[in-house]
Amino acid sequence: MKNITMILCILPFCMLASCKKTTEQAVDEPVRAYCIDYNWGEGGAHGFARPGLWADASPADHVDWYAALGCNVIQSFAVSCNGYAWYKNGIIPEQPGLAHDFLTEQVRLARQKNMKVIGYFCVGANNKWEEDHPDLCYRMDGMQIPLTRVYLDYLCASIDDAIRKTDIDGIMLDWFYNPGGGKGDRPPLRWIPCEEEMYRELMDEDFPGKEHLTKEQEVTFRQKAIGRAWEKIKTAAKGAKPDCIIWLTAFEIKSDEYEGNALLKEVDWLMNEAGDKESTRAMYDLTGPQTKLITCLANWNGQNPAEIVPDAIARGVGLYGFTKPVAGSAMPPVDDYLSAAVDTLTGDALNIAILARAFNNLPLDYVNEK
């Protein structure tokens, strides 16, 4: 495996302080997080898991797995992309057949092991919302939901409910873009009727018609939509729990949709989901003094963990990874990853093996001899 044999050890997280901007702005211990990902799976629209898939998941087994991995943060699910909740008795219907009050129990058990639990919300996609409100969605793969007032009311009520019912330590916001995504080469908005109404609200002028709309006007509209959504989400989360952590994951950190907004300056944690070192380093100049920085290892982003992990540790940047479960609703024991030499592994298994060593302050060449 390229570069793996060149790195003999990984510096302990506990020996490192963040180098973010100035010493006065240093943050505490970097994030060591992972997610057994319940978004993607069989049977649901847009590649998302069908409602109830993995509903037998054991919160106790999950917490034990994260603890063995060496996490100080569990990224779990409040509502996954199929639109159903992972806790009971909430305003959002629970995953059909949910065997445990999964998120609530995770929080209780994780606190006994000094781990935080962050509950996931996807801003840009939700299959149940699409089913219930087809006139307010693009009905396509990817970011599909215009950030209308009625949708933001639904999302914020869901956030408030999850925080109050489960006492999660924070929320993760994913796909926080307008339809089509955050990149400059995205397709233009479709301007369905609800977006025309949004235009009048946000731009304080009549919608000029698609044939007369300039690219500059669309970008401004996108930015204002993100700005309004952020203010409402922030108010909901901090209103429910003033010290609630708001974690933004962004695959396009430098999206023009974020320009001119308080979002990147005000989030508590910011993650470069693309995982590349260049974009991670760029976050230093985009965030506020309180923001913890995180980078991501996932099979889809193609990053070399033997390069990304040491670089992140040296800079005091947190680390995170995710993959859908491969052992029923869970993952193989962490010891399986520690018992194999890292240069014998690939893909998500390699990422987990290297994170397990980094999170537990073990050298990269460590192998647990059974």
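Just so you know, residue 1 is the first one in the sequence shown, and it goes up from there. Side chains are part of it too, since the values below use all heavy atoms of this structure and drop only hydrogens, waters and symmetry mates.
Side-chain contact between Gln144 and Asn127: present, with at least one pair of heavy atoms (C-beta onward) separated by less than 4.5 Å. Side-chain atoms of Arg281 and Arg315, non-hydrogen and from C-beta on, do get closer than 4.5 Å to each other. Between Ser80 and Trp86, the closest side-chain pair of non-hydrogen atoms falls below 4.5 Å. Proximity of Cys296 to Asn301: side-chain heavy atoms (C-beta onward) are separated by under 4.5 Å at one or more points. Residues Leu350 and Val342 have side chains in contact (heavy-atom distance under 4.5 Å, counting atoms from C-beta outward). No side-chain heavy atom of Glu197 sits under 4.5 Å from any side-chain heavy atom of Thr148. In this structure, Gln95 and Asn82 have side chains that are in contact, with non-hydrogen atoms separated by less than 4.5 Å. By the 4.5 Å heavy-atom criterion applied to side chains, Pro30 and Leu319 are not counted as neighbours.
Asp256 contributes no side-chain N or O that, together with a main-chain N or O of Gln223, makes up a donor-acceptor pair within less than 3.5 Å. For the pair Glu218 (side chain) and Leu189 (backbone), a donor-acceptor distance under 3.5 Å is present. No side-chain donor-acceptor contact under 3.5 Å links Ser279 to the backbone of Asp276. Remark: the backbone N or O of Pro134 is not paired with any side-chain donor or acceptor of Arg139 at under 3.5 angstrom. Remark: side-chain polar atoms of Asn72 are paired, donor with acceptor, to backbone N or O of Arg32 under 3.5 angstrom. Under the 3.5 Å distance criterion, the side-chain polar atoms of Asn39 are matched with a main-chain donor or acceptor of Cys81. The main-chain N or O of Ser255 is never found under 3.5 Å from a side-chain atom of Tyr177 such that the two would form a donor-acceptor pair. Between the side chain of Arg200 and the backbone N or O of Phe207 there is no donor-acceptor pair closer than 3.5 Å. A donor-acceptor distance shorter than 3.5 angstrom exists from the side chain of Arg190 to the backbone of Tyr138, with no hydrogens or angles considered. For the pair Arg228 (side chain) and Ala225 (backbone), a donor-acceptor distance under 3.5 Å is absent.
Here CD of Glu105 is found 12.0 Å from OG of Ser76. Values are rounded to the nearest 0.5 Å. Atom CG in Asp174 sits 8.5 Å away from atom CE in Met143 (nearest 0.5 Å). Rounding to the nearest 0.5 Å gives a distance of 6.5 Å between CD of Glu266 and CH2 of Trp230. One distance of note links SG of Cys35 with OH of Tyr120; it measures 8.5 Å at 0.5 Å rounding. Between atom CZ of residue Phe221 and atom CD1 of residue Ile226 there is a gap of 10.0 Å, rounded to the nearest 0.5 Å. A distance of 9.0 Å separates OG1 in Thr280 from CG in Leu270, rounded to the nearest 0.5 Å.
With Arg222 as the partner, the salt bridge (charged side-chain N to carboxylate O under 4.0 Å, His left out) test is satisfied by one option alone out of Glu195, Glu259, Glu257: Glu257.
Note: the hydrophobic cluster containing Tyr337 also contains Leu362 (ILVMFWY, side chain heavy atoms under 4.5 Å, direct or indirect links). In the hydrophobic clustering of this structure, Tyr366 groups with Leu355; members are Ile, Leu, Val, Met, Phe, Trp, Tyr whose side-chain heavy atoms approach within less than 4.5 Å, directly or through other members. If you chain together hydrophobic residues whose side chains sit under 4.5 Å apart, Leu286 and Leu248 fall into the same group. Phe251 and Trp40 fall within a single hydrophobic cluster, where Ile, Leu, Val, Met, Phe, Trp and Tyr side chains are chained together by heavy-atom contacts under 4.5 Å. Taken together through direct or relayed side-chain contacts under 4.5 Å among Ile, Leu, Val, Met, Phe, Trp and Tyr, Val219 and Leu147 form parts of separate hydrophobic clusters.
A search for side-chain contact (heavy atoms from CB on, under 4.5 Å) contacts involving Lys88 returns Glu94, Leu98, Asp101, not counting sequence neighbours. Here Lys238 pairs with Asp268 under the side chain to side chain donor-acceptor pair (under 3.5 Å) rule; sequence neighbours left out. For Tyr84, there are no side chain to side chain donor-acceptor pair (under 3.5 Å) partners, not counting sequence neighbours. Remark: Tyr87 engages Asp161 in a side chain to side chain donor-acceptor pair (under 3.5 Å) (not counting sequence neighbours). Evaluation of the side chain to side chain donor-acceptor pair (under 3.5 Å) rule for Glu196 yields no partner, not counting sequence neighbours.
In terms of heavy-atom proximity, Ile74 sits nearest to Met115 at CD1-CE, 4.0 Å. Of all non-hydrogen atoms in Ala33 and Phe359, the two that sit nearest each other are N-CZ, 3.7 Å. Nearest heavy-atom pair across Phe322 and Ala298 is CE2-CB, 3.5 Å. Taking all atoms of both residues into account, the shortest heavy-atom contact from Ala157 to Ile91 is O-CD1, 3.4 Å. Here the closest non-hydrogen pair linking Ile246 and Ala237 is CD1-CB, 3.9 Å. Minimum interatomic distance between Ile192 and Pro146 (heavy atoms only, all atoms of both residues): CD1-CG, 4.1 Å.
Counted by atom type alone, Asn126 and Tyr151 present zero donor-acceptor pairs between their side chains at under 3.5 Å. Between the side chains of Asn351 and Gln303, no donor-acceptor pair of N or O atoms lies under 3.5 Å. For the residue pair Trp247/Gln75, the side-chain donor-acceptor check at 3.5 Å is not satisfied.
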Worksheet entry | Step-by-step side chain to side chain contact (heavy atoms under 4.5 Å, CB included) determination, Gln112 to Leu109 | CA-CA 5 Å; Gln112 297 173 8; Leu109 295 169; 4.1 Å; yes

Worksheet item: Between Thr323 and Asn299, does a side chain to side chain contact (heavy atoms under 4.5 Å, CB included) hold up when you go through it step by step?
Response: CA-CA 8 Å; Thr323 186; Asn299 197 36; over 6 Å; no

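A centroid separation of 6.0 Å or more is found between the aromatic rings of Phe77 and His62. If you look at Trp65 and Tyr34, their ring centroids are closer than 6.0 Å.
Looking at Arg111 and Asp169, a side-chain N of the basic residue comes within less than 4.0 Å of a carboxylate O on the acidic one, giving a salt bridge. Of the charged side-chain nitrogens involved, at least one lies within less than 4.0 Å of a carboxylate oxygen, so that Lys113 and Asp64 count as a salt-bridged pair. For Asp167 and Lys241, the salt-bridge test passes: some basic side-chain N is under 4.0 Å from an acidic carboxylate O. Between Glu231 and Lys234 there is a salt bridge, since at least one side-chain N of the basic residue sits less than 4.0 Å from a carboxylate O of the acidic one.
With a 6.0 Å radius and a threshold of 12 heavy atoms from other residues, nucleotides or ligands, Asp243 has its CG atom above the threshold. Summarising the local packing, NZ of Lys165 is surrounded by more than 12 heavy atoms from other residues, nucleotides or ligands at distances under 6.0 Å. Taking a 6.0 Å sphere around NZ of Lys254, one finds it holds 12 or fewer heavy atoms contributed by other residues, nucleotides or ligands. Within a 6.0 Å sphere centred on CD of Glu205, heavy atoms belonging to other residues, nucleotides or ligands number more than 12.
Every pair passing salt bridge (charged side-chain N to carboxylate O under 4.0 Å, His left out) that includes a residue from residues 143-153 is listed here, sequence neighbours excluded: Arg149-Glu201.
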